[in-house]
Amino acid sequence: MTFEARNIYKSFNGTEVLKGVSLAMEAGEFVALLGASGSGKTTLLNIIAGLQHADQGQLTLDGQDITRLPAGKRRFGMVFQNYALFRHMSVADNIAFGLRVLPRRERPGRVERREKVSELLDMIGLADLGDRFPQQLSGGQRQRVAMARALAINPQLLLMDEPFSALDAQVRRSLRSSVRALQQKVGVGAIMVTHDQAEAWDLADRVAVMDQGQIVQFDTPDALRNTPATGAVRDLLQGAA
Amino acid sequence: MVSLTRTAPRVLPGFSLSLGVTVLFVTLIILLPLSGLMWQLAQLSPGDYLKVMTSRRVLVALKVTLSAAALATLVNAVFGLLLAWALVRYRFAGRGLLDALVDIPFALPTAVAGIALVALYDKSGWIGGMLADLDIKIAYTWWGIVIAMVFTSVPFAVRAIQPAIEELDPDEEAAALTLGANGVQRFTRVILRPLLPSILTGVVLSFVRSLGEFGAVIFIAGNLPFKTEIASLLILIRLDEFDYPAAAAIAGTLLGLSLLLLIVVNLVQARLYRYLRTEG
Amino acid sequence: MARIVLISLSFLFVTLVIAVPVAAVFHRAFSEGVATYVANILDEETLLAIRLTVLTALIVLPLNVIFGVAAAWLIARYRFFGRRALLIIIEAPFAISPIVAGLCFLLVYGAYGPVGGALAPYGMQLMFNLTGIVLVSLFVTCPFVVRELLPVLMVTGEDEEKAAITLGANGWHLFRFVILPNISWALVYGVVLTAARAMGEFGAVSVVAGSIRGETMTLPLQIELLYNDYNATGAFAAATVLTALALLTLVLRGILNRFGPKKGHV
């Protein structure tokens, strides 16, 4: 599953937020979009998800143009910054939601759905909490449920918007490795938006450094450290230990 | 190959459906009827309009309505402030009951309010009977109209003032006390002034409601032309006579006055808030 | 000291101005005994009036819910030209007196109005019948549901809805599984207020109902009719039904406030 964004432009009320952003990723790759707030990284992620529309530019998945495909048809699993769990549904129902709303022909039966849910609950280590409601979970648990919900639809791509920002440092670190493990186990390509350089380093195969609406460098963490392309990249990297 | 997305589709579904339903409903139920009144008014020459509005019966009806609404509003301003203050500042047995009772006029159909007040104030009623012994008559007089207006509009005053009292800072009052302010100064400067915008809102809402009140008033008013006839009733009478232009003239005047007051209170309020903020 | 005086004054005012009149309705209704009260309630015309009132509410409620949900959704979730104006227009019925409202409908939908006149040749009459009563009831109640839903939709935000969309939900799924559970309490509240107002409206309905005995008499109109017929006891008996309804509304409101979701809860 290869994904590519080509020459994406986006303005809000005359302010250009994305100025010709291009990004190509390999199957199963984990890419981090790293940048300060206002660099346009979240807008780019929303455009990839189909939650916003680019003024100009093209998105392709395995060579297919998906620029105008509605969000729901893209099958990109999304983990929101505040998780956006359905507060009126149990954890199990949250995870099953994507399966429940499939068109009748493709929808798995009740038993099958339940199996899939318990499989995912096992995977995120919350096997006993399927009947709980989001309010009854800790932040870390909510984050994992959001992951499971996004993975339940067998996504073509996993999108994460600052997935750890609402957690305290301790939980954050322990969740990082489990997110990476989960992503590799499922074998899905992932794009994560973050402003935390250490997070990008830990998780990503490649990091796209964004500054003022452009990707200034897109490379492996090592290459970024050894040959930063611009002063801006160097500044950003210096912020981290 | 660059694809241009000129008209970005909306992400959340349902825009055209909800827009369609809303526009259809608003047009049929609100805009069309209101434009009907405007249309009827537009057909009236200024001379005809003046002739309707300056007839003695209309003038008396307007005077009765406006004066009763004014007094009712004054009563509601005073008791609205009192009730709001008691409800916010004090904890006492029966506070929940008091709070619920204040909302009864909101919930009670106006026709019921009307005959309830008659039941109480006519000469066979509990209060009316007592007052009759003192030779005081309330039902079927101007005073009855005032009481009906007080009843239906008191919750507007209370509920408009209440949130503002909740936001008052008790520390400021304490500070004023320590600075040697006496009771009256404390009340007017520290309490009354910050509450002014919301009192004004409550007063205007209560006045507008009283101007248009019909059901509660007509039972107790007596409805004597040139004496206790309110403007709303006169509209209805003109309608029964198929004198649509006259009905529209009176209705347009009432509506225009109400809207004007609501607009003015919004403008004044914006100014007052700014003034209060700059004063610190 | 001030405290006691202010609290006592508050109770005195509310008791005299609000509580005693309500009590007086029941006192008068039962003044000729329970048997007379029951006979008055079971009077054929009164029963017909109750029937018409309930029927009106049953027609008005679903229409108002559809409109209220659509308008609240529109205003909360989209930015478009005329959004603020729409909000003001929807609130307008609260500022317009009932008689003026009724007159407006008569001028447009009555036999001499543009719409009513155009329909008359086809034998369609909109005023002085159930349609007229429903139309003005829609007018006087239209802000209630919107008003309750709008703040809830504003507070909940669109995150859950966006999440549902990325998971493949269509418009119906979104409404049924995400929006409706989030707004259900506010919707119930709005429905309660709408029902109470629809059943109790007097002024606007009296303009367009035509007051045909046993046909277009809603319960509030029937109260006036009985009262003017010198059947005061009957009028008060009919009034107890509406009073009970009003008290029930307040009780329901209290229950919803106490057991409904607290504001700002996640």
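Below, read A as the first sequence line, B as the second, and so on, with proteins coming before strands; counting in each chain starts at 1.
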Worksheet item: Checking heavy atoms, do the side chain of C/Ile89, its backbone, both or neither come under 4.5 Å from chain B?
Response: both
Response to the item:
Bottom line for C/Ala101: the part with an atom under 4.5 Å from chain B's heavy atoms is neither
Discussion item. Evaluate C/Ser97 against B/Phe214 for side-chain contact (heavy atoms from CB on, under 4.5 Å), listing each step before the verdict.
Written reply: CA-CA 8 Å; C/Ser97 81; B/Phe214 177 71; over 6 Å; no
Worksheet item: Measuring heavy-atom distances to chain B, does C/Pro93 have an atom under 4.5 Å in its side chain, in its backbone, in both, or in neither?
Response: side chain
Worksheet entry | Side-chain touch B/Ile235/C/Val207, heavy atoms, less than 4.5 angstrom | no
Worksheet item: Are side-chain heavy atoms of C/Phe80 and B/Phe15 found at a separation under 4.5 Å?
Response: yes
Worksheet item: C/Ile223 versus B/Pro109: any side-chain heavy-atom pair under 4.5 Å?
Response: no
Worksheet entry | Top contributor to chain B contacts, counting heavy-atom pairs under 4.5 Å, from C/Ile99, C/Leu219, C/Val108, C/Ile90 | C/Ile99
Worksheet item: Does the side chain of B/Ser18 come under 3.5 Å of the side chain of C/Arg77 through a donor N or O and an acceptor N or O?
Response: no
Practice prompt. Check whether B/Leu211 gets within reach of chain C through its side chain, its backbone, both or neither, counting any heavy atom under 4.5 Å.
Written response: neither
Discussion item. Under 4.5 Å from any heavy atom of chain C, what part of B/Leu28 do you find: side chain, backbone, both or neither?
Written reply: both
Discussion item. Just so I know, are the side chains of C/Leu250 and B/Phe106 near enough to count as touching, which here means a heavy-atom distance under 4.5 Å?
Written reply: no
Practice prompt. Evaluate the side-chain proximity of B/Ser258 to C/Ile96: yes if any heavy-atom separation is below 4.5 Å, no if none is.
Written response: no
Practice prompt. Could you tell me how the ring of C/Tyr112 sits relative to the ring of B/Phe242: parallel (under 30°), tilted (30 to 60°) or perpendicular (over 60°)?
Written response: perpendicular
Fill in: Side chain to side chain, B/Pro13 and C/Trp172, heavy atoms closer than 4.5 Å
no
Item to complete: Could you tell me whether B/Arg89 atom CZ has more than 12 heavy atoms of other residues or ligands within 6.0 Å of it?
Response: yes
Worksheet, complete the sentence: One option among B/Leu37, B/Ile115, B/Leu108 has the most heavy-atom pairs under 4.5 Å with chain C, and it is B/Ile115
Worksheet entry | Single hit among C/Thr141, C/Val140, C/Leu138 for side-chain contact (heavy atoms from CB on, under 4.5 Å) with B/Ile29 | C/Leu138
Worksheet entry | Residue selection (most heavy-atom pairs with chain B, distance under 4.5 Å) from C/Val25, C/Val100, C/Leu16, C/Asn170 | C/Val100
Practice prompt. For chain B, find which of C/Ile75, C/Leu106, C/Val22 contributes the most heavy-atom pairs closer than 4.5 angstrom.
Written response: C/Leu106
Worksheet item: Side chain, backbone, both or neither: which part of C/Val20 has a non-hydrogen atom closer than 4.5 Å to chain B?
Response: both
Worksheet item: Within a reach of under 6.0 Å around CH2 of B/Trp143, are more than 12 heavy atoms found that belong to other residues, nucleotides or ligands?
Response: no
Worksheet item: Picking from B/Leu34, B/Ile250, B/Leu117, B/Leu205, which has the most non-hydrogen pairs under 4.5 angstrom with chain C?
Response: B/Leu34
Worksheet item: Is chain C contacted by the side chain of B/Asn266, its backbone, both, or neither, given a heavy-atom distance below 4.5 Å?
Response: neither
Worksheet item: Which one, B/Tyr244, B/Trp126, B/Trp85, B/Phe92, leads in non-hydrogen pairs under 4.5 Å with chain C?
Response: B/Trp126
Item to complete: Sort C/Ile165 into side chain, backbone, both or neither according to what part of it lies under 4.5 angstrom from a heavy atom of chain B.
Response: side chain
Worksheet, complete the sentence: Pair count under 4.5 Å, heavy atoms only, with chain B: among C/Tyr109, C/Phe11, C/Phe67, highest is C/Phe67
Practice prompt. Go through the steps to decide whether B/Ile104 and C/Leu247 satisfy the test side-chain contact (heavy atoms from CB on, under 4.5 Å), and finish with yes or no.
Written response: CA-CA 7 Å; B/Ile104 283 189; C/Leu247 297 177; 4.0 Å; yes
Discussion item. Taking side chain as everything from C-beta outward and backbone as N, CA, C, O, which of these in C/Arg253 sits under 4.5 Å from a heavy atom of chain B? Side chain, backbone, both or neither.
Written reply: side chain
Item to complete: Could you tell me which portion of B/Val78 (side chain, backbone, both or neither) has an atom closer than 4.5 angstrom to a non-hydrogen atom of chain C?
Response: neither
Discussion item. At a 4.5 Å cut-off on heavy atoms, which part of C/Val251 comes close to chain B: side chain, backbone, both, or neither?
Written reply: neither
Worksheet item: Which bit of C/Arg3 is near chain B, if near means a heavy-atom gap under 4.5 Å: side chain, backbone, both or neither?
Response: both
Worksheet item: What part of C/Glu201 gets closer than 4.5 Å to chain B, counting heavy atoms only: side chain, backbone, both or neither?
Response: neither
Worksheet item: Considering only heavy atoms from C-beta outward, does the side chain of C/Trp73 approach that of B/Thr22 to under 4.5 Å?
Response: no
Item to complete: Report yes if some heavy atom in the side chain of B/Leu83 is under 4.5 Å from a heavy atom in the side chain of C/Phe13; otherwise report no.
Response: yes
